[in-house]
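No experiment lies behind these values; they were computed from the predicted model shown.
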Amino acid sequence: MSKLGKNLLGKLTGNNKSCCCCGPSIVSVRKIKVGNKDMEIAGLDEEFEKQNDIGKTPENIDCEELIRNLTKINEISEDDLEKFKVAVLKEYEIYCQKKKI
C-alpha cells in the first residue's frame with residue numbers, strides 16, 4: 001500500500017487524529033495544477049483552514065511547515081517538489097482571497 005493509501009486509511013479509520021468515540025477524520029482531496037500536470041492533493045483544504053485560523057497570510061506563511069504537513073499524506077516526487085511548493089502557495093493565495101470576499 002502506498003504512503004498516501006496508508007495515511008488516508010489511518011485518517012478514515014480513526015488511527016491518526018481521531019479516537020473511536022469521535023469517529024473518523026475525513027480528509028478532503030482537491031485537484032491542483034502542479035507544473036503541467038493535475039495532481040490530487042489530500043488534506044489541502046484542512047491545512048489551509050489551519051493556517052488561516054492562526055492568522056497566516058500568503059506573505060507570512062511558513063511554506064516549509066505547510067509542505068511538510070502535506071507530504072505526510074501525499075506522495076510528491078523530488079522532481080515535483082519545487083513545482084508543488086509554487087502550486088500550493090498559489091492555491092493558498094486564492095484561498096485567502098476567497099475568504100476576504
By salt bridge (charged side-chain N to carboxylate O under 4.0 Å, His left out), which residues pair with [X], not counting sequence neighbours?
X	answer
Glu82	Lys85
Asp53	none
Lys83	none
Asp62	none

Return the [atom1] to [atom2] distance between [X] and [Y], rounded to the nearest 0.5 Å.
X	Y	atom1	atom2	value
Glu47	Asn69	CD	CG	4.0 Å
Ile67	Leu81	CD1	CG	7.0 Å
Lys98	Phe48	NZ	CZ	10.5 Å
Asn74	Ile41	CG	CD1	4.5 Å
Ile61	Leu66	CD1	CG	4.5 Å

Quiz prompt | Linked, directly or transitively: Tyr95 and Met39 (ILVMFWY side chains, under 4.5 Å) | solution = yes
Quiz item: When clusters are formed by joining ILVMFWY residues with side-chain heavy atoms under 4.5 Å apart, either directly or through shared neighbours, do Leu44 and Val27 land in the same one?
Solution: no
Self-check item: With Glu46 via side-chain hydrogen bond (donor to acceptor under 3.5 Å, both in side chains) - residues at least two apart
Solution: Ser28
Quiz prompt | Pair listing, ring-ring contact (aromatic ring centres under 6.0 Å, His included) test, anchored in residues 53-87, at least two apart | solution = none
Quiz item: Got a sec, which residues hit side-chain contact (heavy atoms from CB on, under 4.5 Å) with Asp38, two or more places apart in sequence or on another chain?
Solution: Lys31, Lys33
Quiz item: Got a sec, which residues hit side-chain contact (heavy atoms from CB on, under 4.5 Å) with Glu59, two or more places apart in sequence or on another chain?
Solution: Thr57
Just list the side-chain donor-acceptor pairs under 3.5 Å for residues 86-94, sequence neighbours left out, or say none.
unit_1 : atom_1 : unit_2 : atom_2 : d
Glu91  : OE1    : Arg30  : NH1    : 2.9
Tyr92  : OH     : Asn52  : N      : 3.4
Tyr92  : OH     : Lys56  : O      : 2.5

Quiz item: What are the two closest heavy atoms between Val34 and Asp80, and how far apart are they?
Solution: CG1-O, 4.2 Å
Quiz item: Less than 4.0 Å between a side-chain N and a carboxylate O, is that true for Arg68 and Glu65?
Solution: no
